[in-house]
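Because the structure is predicted, anything quoted here is derived from the model rather than measured. These values consider heavy atoms only, across backbone and side chains, with no hydrogens, waters or symmetry-generated copies.
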Amino acid sequence: MQLKRLGRWIATAFSTLVMIEVLIMVSPFSFYWYSFYSPALQGLHRSRWTAWTEGVFLPHSVITASPLLEFLRWQLGPYLFSLGLFAFLALAIQIYSSKLLKKGVVSGGVYRYIRHPQYLCLAIAGLGLLTYWPRMIILVFYLVMLIAYYLLARSEESRML
């Protein structure tokens, strides 16, 4: 029960952070937001291992001189996002039609080869969103989402056994 309450608190904190970011970015107080990000960005800049992140994941729109990063953002990002969402919906139709028709556990199609294809599709869509809209908060949410779905998959597998 404590773990569930902690999870709710963390989800609420992240959601609040996103709402505050949107409100501040559309207001005249955006300079405050940049001062909030400044210590984190300076900390990333100090290490040669993380200095590249401030050039990619900034709290505003990013325009780079790198043809590779621009290709990832404008060409690959939207396709990954769309592919992930459409595949997720197609797999949801397979699962829920099986549930409605009382056919039992889905084990055919893509589920024959991949244990959790819907989670994979969400990871692909999240990666597309991350490349299309590179922001620190999206990066944090993406990493949290990957961890959450990993833990959910392990929990589902143990319950199925």
Side-chain angles (χ1 to χ4, degrees), residues 1-27 30 32-92 95 110-111 113-160:
M1 195 57 144
Q2 283 292 70
L3 188 60
K4 194 179 232 184
R5 194 177 334 170
L6 177 65
R8 283 188 195 143
W9 186 87
I10 290 171
T12 302
F14 277 125
S15 299
T16 302
L17 182 62
V18 169
M19 288 186 291
I20 289 171
E21 178 184 8
V22 169
L23 289 174
I24 289 175
M25 294 306 287
V26 299
S27 74
S30 62
Y32 172 77
W33 191 247
Y34 289 107
S35 68
F36 178 77
Y37 268 114
S38 184
L41 293 176
Q42 289 172 0
L44 291 172
H45 185 70
R46 287 187 193 109
S47 170
R48 69 178 196 181
W49 296 102
T50 57
W52 65 273
T53 59
E54 70 173 336
V56 177
F57 300 106
L58 287 176
H60 53 77
S61 181
V62 177
I63 307 289
T64 68
S66 167
L68 175 64
L69 290 177
E70 288 299 305
F71 169 77
L72 288 174
R73 181 170 186 198
W74 299 111
Q75 302 299 318
L76 194 60
Y79 290 117
L80 286 176
F81 182 68
S82 301
L83 173 71
L85 284 183
F86 287 131
F88 176 83
L89 292 173
L91 292 167
I95 287 176
V110 178
Y111 285 90
Y113 304 105
I114 302 172
R115 282 189 184 176
H116 302 282
Q118 278 193 303
Y119 299 163
L120 175 64
C121 292
L122 286 176
I124 291 170
L127 181 63
L129 180 63
L130 183 62
T131 59
Y132 189 61
W133 197 35
R135 299 169 68 102
M136 283 292 187
I137 194 70
I138 301 294
L139 176 62
V140 169
F141 272 138
Y142 182 66
L143 295 175
V144 168
M145 180 192 78
L146 291 178
I147 292 167
Y149 278 119
Y150 171 75
L151 295 173
L152 181 62
R154 288 190 56 157
S155 170
E156 287 176 351
E157 288 175 9
S158 68
R159 284 185 281 149
M160 290 297 288

By side-chain contact (heavy atoms from CB on, under 4.5 Å) - contacts of [X] (at least two apart):
{"X": "Leu146", "value": "Ala123, Tyr142"}
{"X": "Leu120", "value": "Ile114, Ile124"}
{"X": "Ile10", "value": "Leu6, Phe14"}
{"X": "Leu151", "value": "Ile147"}

Do Met145 and Phe141 come within less than 4.5 Å of each other through their side chains, counting heavy atoms only? no
More than 12 foreign heavy atoms under 6.0 Å from OH of Tyr132: is that the case here? no
Closest approach of Leu130 and Ile138, non-hydrogen atoms and distance? CD1-CG2, 3.7 Å
For residues 75-91, tabulate all N or O donor-acceptor pairs below 3.5 Å that involve a side-chain atom, not counting sequence neighbours.
from, atom 1, to, atom 2, distance (Å)
Ser82, OG, Pro78, O, 2.9

Residue pairs, two or more places apart or on separate chains, that pass side chain to side chain donor-acceptor pair (under 3.5 Å) and touch residues 115-125: Arg115-Glu157, His116-Glu157, Tyr119-Glu156
